[in-house]
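Everything quoted here is computed from the prediction, not taken from an experiment. The sequence lines fix the lettering, A, B, ..., with proteins before strands; numbering per chain opens at 1. All heavy atoms count here, side chains included; hydrogens, waters and symmetry mates do not.
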2 protein chains.
Amino acid sequence: MAVSEGVSPSASPAPVPGPLLSEQEAMCPHRLVLEHVTSRWGVLVLIRLQERPHRFSELRRAIGRVSEKMLTQTLQTLERDGLVHRDAKPVIPPRVDYSLTDLGREAAEQVCALALWTERRMDGVLAARQAYDEARRTHDEARRARDEARTL
Amino acid sequence: MAVSEGVSPSASPAPVPGPLLSEQEAMCPHRLVLEHVTSRWGVLVLIRLQERPHRFSELRRAIGRVSEKMLTQTLQTLERDGLVHRDAKPVIPPRVDYSLTDLGREAAEQVCALALWTERRMDGVLAARQAYDEARRTHDEARRARDEARTL
DNA sequence: CTGGATCCCTTATGATACTG
DNA sequence: CAGTATCATAAGGGATCCAG
């Protein structure tokens with residue numbers, strides 16, 4: 001959003017390497033939660049944790065193709081928002097279990113509903129895309145032909 | 001995600017300046033729709049259009065602080081997915097009305113439900129954040145003290 | 001008014017190396 | 001194993017100019 005916000009250039013060169021989001025910390029607060037919950041990895045984490053609690057690497061494997069960094073970041077954000085509970089057992093080797101809080105379960109339900117909807121309606125979307133793409137292709141060809149005719 | 005996917009370097013140098021997403025066009029397709037729908041501007045567009053149809057600039061003003069570029073991009077993506085209907089009247093000056101399709105209305109309902117949920121549960125989230133931040137602050141201080149003691 | 005094209009900066013994300 | 005730190009890169013997003 002606004003690049004030159006009310007952030008003085010000299011102060012706070014990099015206050016926090018803050019995961020997800022930054023200076024928008026000022027807008028409607030619930031917008032932020034929405035973004036956390038619907039973030040690329042947030043969605044997947046919530047869905048996985050809704051099945052059952054997972055350890056860090058379990059989650060990593062279950063989600064697949066997510067870097068440790070992003071998973072950590074996502075989990076921390078969700079934990080801070082009170083959606084995920086982090087249970088770190090002081091053992092060696094370390095073992096940390098992640099699970100949903102009551103709040104998180106509610107969020108997961110919403111997100112899952114959305115995910116299931118997209119799955120159910122996929123055909124419709126696919127059909128719409130084909131129609132759109134073809135229409136645009138046709139339109140482009142017409143335009144090209146027109147331009148060419150004009151040039152001649 | 002994957003940087004070096006199966007995209008031949010020579011072919012299609014820039015097939016489409018593609019808005020939102022890129023080479024992940026290969027993964028579970030419904031994941032993509034989910035991302036379109038939950039994208040930063042996608043959410044806001046769906047919510048606004050659920051109220052009533054909007055013209056381009058109406059949407060722009062209603063959402064506020066969104067660049068023309070991103071709004072255009074978002075609308076095109078949603079239109080391609082068959083969620084938004086674009087009605088361009090061939091008049092001067094141009095007038096384009098955007099509205100939800102049946103599919104789009106369903107999506108908007110889901111998204112709105114999620115948005116309303118975050119609004120309702122905001123206090124809980126806020127409280128969780130305070131607790132989290134304070135706990136982490138305390139923890140950090142303890143660690144710093146420990147490190148200092150060790151250095152002495 | 002709508003939006004396509006471009007330039008450029010910010011941010012998100014991934015790969016790697018390192019600590020507890 | 002879990003997580004942090006650092007670095008490099010690609011995608012996201014904004015500003016601007018311009019065309020239909």
Novice: Could you tell me if the side chain of R40(B) sits less than 4.5 Å from the side chain of R31(A), heavy atoms only?
Specialist: yes
Novice: Please report, rounded to the nearest Å, how far the P atom of dT13(C) is from the CG atom of L75(A).
Specialist: 14 Å
Novice: Expressed in angstrom and rounded to an integer, what is the separation of Q73(B) atom CD from dT6(C) atom P?
Specialist: 14 Å
Novice: In terms of hydrophobic clustering (I, L, V, M, F, W, Y; side-chain heavy atoms under 4.5 Å; direct or indirect links), are L46(B) and Y132(A) co-clustered?
Specialist: no
Novice: Kindly say whether H54(B) contributes a backbone atom to a donor-acceptor pair with the side chain of R48(B) at under 3.5 angstrom?
Specialist: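 Judged by distance alone, no pair lies under 3.5 Å.
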Novice: Could you tell me whether E51(B) atom CD has more than 12 heavy atoms of other residues or ligands within 6.0 Å of it?
Specialist: yes
Novice: Does a side-chain N or O of Y98(A) approach OP1 or OP2 of dC1(D) to a distance below 4.0 Å, or not?
Specialist: no
Novice: I'd like to know if R105(B) and E109(B) make a salt bridge, using a cut-off of under 4.0 Å between side-chain N and carboxylate O.
Specialist: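 Salt bridge between R105(B) and E109(B), a charged N being under 4.0 Å from a carboxylate O: no.
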Novice: Please give, in whole Å, the distance from dG3(C) P to L59(B) CG?
Specialist: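 Atom-to-atom, L59(B) to dG3(C), this comes out as 10 Å.
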Novice: Quickly work out the M70(A) CE to dA10(D) P distance and round it to whole Å.
Specialist: 17 Å
Novice: For T101(B) and G82(B), indicate whether the former's side chain and the latter's backbone hold a donor-acceptor pair under 3.5 Å.
Specialist: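 The answer is yes, because a donor-acceptor pair under 3.5 Å joins these two groups.
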Novice: Roughly how far, to the nearest 0.5 Å, is the CG atom of L59(A) from the CG atom of L44(A)?
Specialist: 10.0 Å
Novice: For the pair made of CG in L71(A) and P in dG3(D), what is the distance, rounded to whole Å?
Specialist: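 About 8 Å, once rounded to whole Å.
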Novice: Closer than 4.0 angstrom, basic N to acidic O: yes or no for R52(A) and E58(A)?
Specialist: yes
Novice: Between atom CZ in R40(A) and atom C1' in dA11(D), what is the gap in whole Å?
Specialist: 9 Å
Novice: Do L34(A) and T38(B) have side-chain heavy atoms sitting under 4.5 Å apart?
Specialist: no
Novice: E35(A) CD to dG13(D) P: how many Å, rounded?
Specialist: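 Taking CD of E35(A) and P of dG13(D), I get 9 Å after rounding.
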Novice: Could you tell me the separation between the CH2 atom of W41(B) and the C1' atom of dG14(D), rounded to a whole number of Å?
Specialist: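 Answer to the nearest Å: 10 Å.
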Novice: What are the residues of residues 84-94 of chain B, sorted by number, that bring a heavy atom to within less than 4.0 Å of DNA chain C?
Specialist: R86(B), P93(B), P94(B)
Novice: Which atom pairs link the protein and nucleotides 4-8 of chain D when you take only N or O atoms and keep those under 3.5 Å?
Specialist:
unit_1	atom_1	unit_2	atom_2	d
dT4(D)	OP1	Q76(A)	NE2	3.1
dT4(D)	OP2	Q76(A)	NE2	3.2

